[in-house]
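Here is the structure we will look at, set down as structure tokens.
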Amino acid sequence: MKEELAKRYEPADIEQRLYATWEREGYFTPVADRERPRFSIVIPPPNVTGRLHIGHALVNTLQDIIVRWKRMSGFNTLWLPGTDHAGIATQMVVDRDLQRQGISRFDLGREKFVEKVWEWKEKYGGEIIDQLKRLGASCDWTRSRFTLDEGLSHAVRTVFVSLYNDGLIYRDLAMVNWCPLCRTAISDVEVEYRDRNDKLYQIDYPIADSDRHVTVATTRPETMLGDTALAVHSDDERYRDLIGKEAIIPVANRRIPIVADSILVDMEFGTGVVKVTPAHDKNDYEAGLRNNLAQLQVIDETGAMTAAAGDEFKGLDRFEARKRVVEHLKEQNALREVKDYQHAVGVHGKCDTIIEPMISRQWFVKIEPLARPAIDAVREGTIQIIPQTWEATYFNWMENIHDWTISRQLWWGHRIPAFYCGNGHMTVAVDDPQACPECGSTEITQETDVLDTWFSSGLWPFSTMGWPEKTPDLETFYPTDVLITGFDILFFWVARMIMFGLRFTGSRPFAQVFLNGLVRDEHGQKMSKTKGNVIDPMDVIDEYGADALRFTLAIFATGRDIPLARKRVEGYAAFANKIWNASRFAMMYLDTDLKSGGNIQRDDLGTVERWILSRLNETTREVNRYLSAFRFDEASHAIYKFFWHEFCDWYIEMVKPVLMSKHGSDDDRRKAKRVILEVLDRSLRLLHPFMPFITEEIWLKLGGVEPSIMVAPYPVAEEVLEDREAERMIDAITAMITTVRNVRVERGFTPKDRFKLYIDATTPRDASLFRDYSYLLIELARLNEVVVGAAIPEGAHHDVVSGFAIGIEFPEKEVSKEQLEKVQRDIEKSKKELAGLDAKLVNEQFLQNAPPQIVEGARARQTELRERIAKLEKNQQP
RNA sequence: GCGGAGUUAGCUCAGUGGUAGAGCUUCUGCUUUACACGCAGGGGGUCGGGGGUUCGAAUCCCUCACUCCGCACCA
């Protein structure tokens, strides 16, 4: 037992060593035991080529806390990890790398490029896993999955084919969000709207065969090259006569019809005339279909103008073309006005490129039939979203959901299992067909589009466990219990897992969803590279240790925003050091370990010992309760407060006289040591899910039965440890000590000056207890004598503490002006409170309506205040 | 425009009907042999404004102001 600890806690020395041991011993892997209740959770798979950022650190810390807590609580626990192939993001990364080498992916061709991406994945894919290990994540790495693994790919194909056969996947020509940089379609949720300061151009369109003109407004003049109509409202008197006539597009010099469309046009807005570009605007597209308008594509998939835009513009980038068009408009005197205009512009969330609405042939999921059961599951409580306030957002989105564009014109991802033969037949099948089932042709090519990454991650909770095969893992660990993830992917990921899970496994993919907030900087600003306020979790771990980072994240994990600053982590690194030093102190005295320490006979213990065990017990109850409710902040705070402010600040100080043989018998000493060992053991186990490394390092030295704290049982509250009476007495003693310390400073005495304390105990029992523990008062309040029961001398400082009248006798009688003022403030404050209580207690309504314990409490407080005021007033007498 | 969240100590935030809290910051004192990443003590808030319900409101209701976040966007 007598093992020396270093004076300061040095996380770097121990963390990686302990993690390696845990992994080697297989503690992260659940056992094949169907008897024990099981608990399972799947990781939100990070991008395979990504690096761990602070958001990952948060979400994985929270998962690890729950997982370690459940594992220690006796559940057969699985935390299944893995990575996501992250279609666009990964392709972009590799593409950029190739470009740096002067190679274009188009030079390589699809097959070679995909090989390169796999090489990249092999080379860097393990990095984020290693970083999760640095954080302490107790994932079962033997079950690690990747969304492009064979098994998961099979699940993807199975789901695709099933949805297709059920008519829920279709291929159609439609207007989609197109990213000209990534050259792929993206879904609605991948479009982000950014407020921009742009220009609104007012352009005159001449009416054909007349000298009239109408004015239309647009933010995108380049699209006028693709206009195929002007539209007005059918009820609009101003333009009614123009319906059916033609207008001439300036610059393009082309005739277009003027149509009536009362859906597209709002009479009240602007001039009441709208230019219609069916090939490059969603609303215009719809209007075009209604009015049988031509679709003229003037912008291609790279964002450049097409031949249809005219020879002068062909090949120009769309924004260059805009400038050129505006110049021409000016020359032709067709530009009536240019206004500053603020509006929201859709960009691709991944690359910030402005989205070009484009008509193209894509694959879609008909979503409504999938959404309905997913709405019901949350409404009926089958799936619980925590914090509950997110449910409204979930419903709002799910009830207004649009069909999901799932095809992507990328090379990296699950290729859509649709096959075309030379005769134009299409086959959708799980296994690659050797010949066309319809015509027997063996000239078969597979669809070149791949699936949206979220299509495969939507299957994650069951595809990772072997679905559609009925594997033992699926039977044991599915459905999972909890999903912990950021609220920012509620629609992208959570909603889709719910929809797919319900449809394909017949059960909810998880019972509860905990949505954590977003980590921001200390002023609530979003972290971004441009702002330079990014905190790299690896730097933080290097500097303060993983435990400090984890504890900081946990204690701030409530709410939408989590303000994080290095300074805060520093504060909890100090907590780790505190734990270290308290343990170091304890170990200087401990002479038995947990194995040979024997049981504690609670009835033999003194009040101080019963008090600390009672406090620990209450803390244990709170931590378990808070963890059940995902209140990571309250749970971590409860342990922090107990360990530092009750165990270290008070209990250790109180047992020092006993440990150092200044007070008490050998038997008292033995009991105190046993209780210290007990408190350390339980506190460390309680804290382990939050701070796995330091707790393991110390706990191993306490000599428990289990080979690791990871597999030791999690403490649960035991009623027998609760002791209200001990708490009442120790509260009184600590309050008296605080009062003496307080008055000492106010009167200008030094810690070396010693006084005499008088206590007026009301019952013989209390009196005897104060006598027993007078050594505590003497040591901690630095007194020379405690007198219980005798009259308090007139010249002493009078006060009432925890219901006991006390007097402090100082070596000199002089009272400073400051002290008198302080006493006066005290009296006034008490009088004010008393006045309030007096008024309350004569109020019939209060006496009748308030609960009895409140009334009683008020009476007791009233009595105490009266007494206290009387005593304090004595201090003012000369 | 629709939906949601928020406004509590200098800062960041807990606190869903019964005497206003934490951490950090700040100030004062302390080489008390576990820890200066420490110990002890102090200061600091009309709980965004107004109204209502109630014996009693930071807490429930209404209203106004401001902030933030989704979703949908009118050229």
Side-chain angles (χ1 to χ4, degrees), chain A residues 5 7-9 188-189 193 200-202 216-220 231 264-266 268-277 281-284 343-344 346 387 389-393 395-397 400 487-488 490-491 518 520 522-524 544 548 552 555-556 558-565 567-568 570-589 631 633-634 637 640-641 645 648-649 652-653 656 660 737-738 741-746 748 750-752 779-780 782 822 833 836-837 839-840 843-851 853-855 857-858 861 865:
Chain A
L5 293 182
K7 194 171 173 182
R8 275 173 71 147
Y9 173 56
D188 292 349
V189 275
Y193 290 89
L200 184 70
Y201 302 87
Q202 310 250 14
V216 302
T218 180
T219 55
R220 304 193 58 194
L264 181 68
V265 183
D266 175 358
E268 312 295 319
F269 191 88
T271 58
V273 188
V274 182
K275 64 190 267 314
V276 187
T277 323
D281 181 280
K282 215 169 138 195
N283 291 315
D284 292 3
H343 64 151
T389 170
W390 287 107
E391 284 184 1
T393 307
F395 291 135
N396 195 285
W397 189 71
N400 299 294
F487 68 77
D488 49 326
L490 178 61
F491 306 144
L518 227 57
R520 295 169 180 274
E522 55 191 314
H523 301 296
Y544 302 106
T552 311
I555 211 158
F556 282 99
T558 292
R560 261 183 93 103
D561 297 332
I562 296 156
L564 188 73
K567 187 146 202 176
R568 306 206 178 271
E570 200 182 313
Y572 296 105
F575 179 49
N577 191 53
K578 187 76 182 174
I579 294 161
W580 186 259
N581 272 290
S583 307
R584 188 160 78 96
F585 171 79
M587 284 179 196
M588 288 176 176
Y589 293 94
R631 288 303 303 261
D633 57 334
E634 295 281 11
H637 183 248
Y640 179 93
K641 187 177 165 234
H645 298 303
C648 291
D649 287 353
I652 287 184
E653 294 307 316
K656 272 182 182 172
M660 294 171 179
I737 292 166
T738 301
R741 285 172 173 170
N742 200 326
V743 177
R744 174 193 305 273
V745 171
E746 282 161 4
T750 73
K752 291 196 180 69
E779 286 292 324
L780 299 185
R782 299 188 148 262
K822 165 81 195 239
E833 195 188 330
L837 281 175
K840 247 185 187 177
N843 184 336
E844 281 300 320
Q845 303 277 19
F846 173 71
L847 296 174
Q848 271 172 27
N849 296 321
Q853 64 268 34
I854 295 295
V855 178
R861 180 77 182 150
L865 282 170

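Order of the sequence lines sets the chain letters (A, B, ...), proteins ahead of strands, with each chain counted from 1. Because the structure is predicted, anything quoted here is derived from the model rather than measured.
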Who passes side-chain contact (heavy atoms from CB on, under 4.5 Å) against [X], sequence neighbours left out?
X      : value
A:V855 : A:L841, A:F846, A:L847, A:A850, A:R859
A:Y544 : A:V540, A:A548, A:R566, A:V569, A:E570, A:A573
A:D188 : A:N177, A:H402
A:A392 : none

Not counting sequence neighbours, which residues clear salt bridge (Lys or Arg N to Asp or Glu O under 4.0 Å) with [X]? List them please.
X      : value
A:K7   : none
A:E391 : none
A:R520 : A:D561

Strictly below 4.0 Å: does A:K578 bring a side-chain N or O up to OP1 or OP2 of B:C39?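 It does, given that an N or O in the side chain of A:K578 lies less than 4.0 Å from OP1 or OP2 of B:C39.
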
Report which part of the nucleic acid [X] touches: base, sugar-phosphate, or nothing (heavy-atom distance under 4.0 Å, all strands).
X      : value
A:Y9   : nothing
A:V216 : nothing
A:K641 : nothing

Geometric cation-pi criterion, A:K656 with A:F585: 6.0 Å, 45°: yes

Test of understanding: with ring pair (Phe, Tyr, Trp, His ring centres under 6.0 Å), list the residues that count as partners of A:Y201, not counting sequence neighbours. none

Separation of A:R631 atom CZ from B:C13 atom C1', in whole Å?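 A:R631 atom CZ is separated from B:C13 atom C1' by 11 Å.
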
Atom-to-atom span, CZ of A:F395 to P of B:G4 - whole angstrom: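 Interatomic distance, CZ of A:F395 to P of B:G4: 13 Å.
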
Once hydrogens and angles are ignored, does a donor-acceptor distance under 3.5 Å link the base of B:A75 to the side chain of A:Q202? no

Quick one: list whatever passes side chain to side chain donor-acceptor pair (under 3.5 Å) with A:K567, sequence neighbours left out. none

Under 3.5 Å for both distances, Watson-Crick or G-U wobble, that's the pair rule; now give the dot-bracket for RNA chain B, with | marking pairs to another strand and [ ] for crossing ones. ((((((((.[[[[.)..(..]]]].(((((.......))))).....[[[[[..)....]]]]])))))))....

Pairs under 3.5 angstrom, nitrogen or oxygen only, protein versus nucleotides 44-48 of chain B, please.
none

B/S/- along nucleotides 16-26 of chain B (protein heavy atoms under 4.0 Å) is --BB--SB-S-

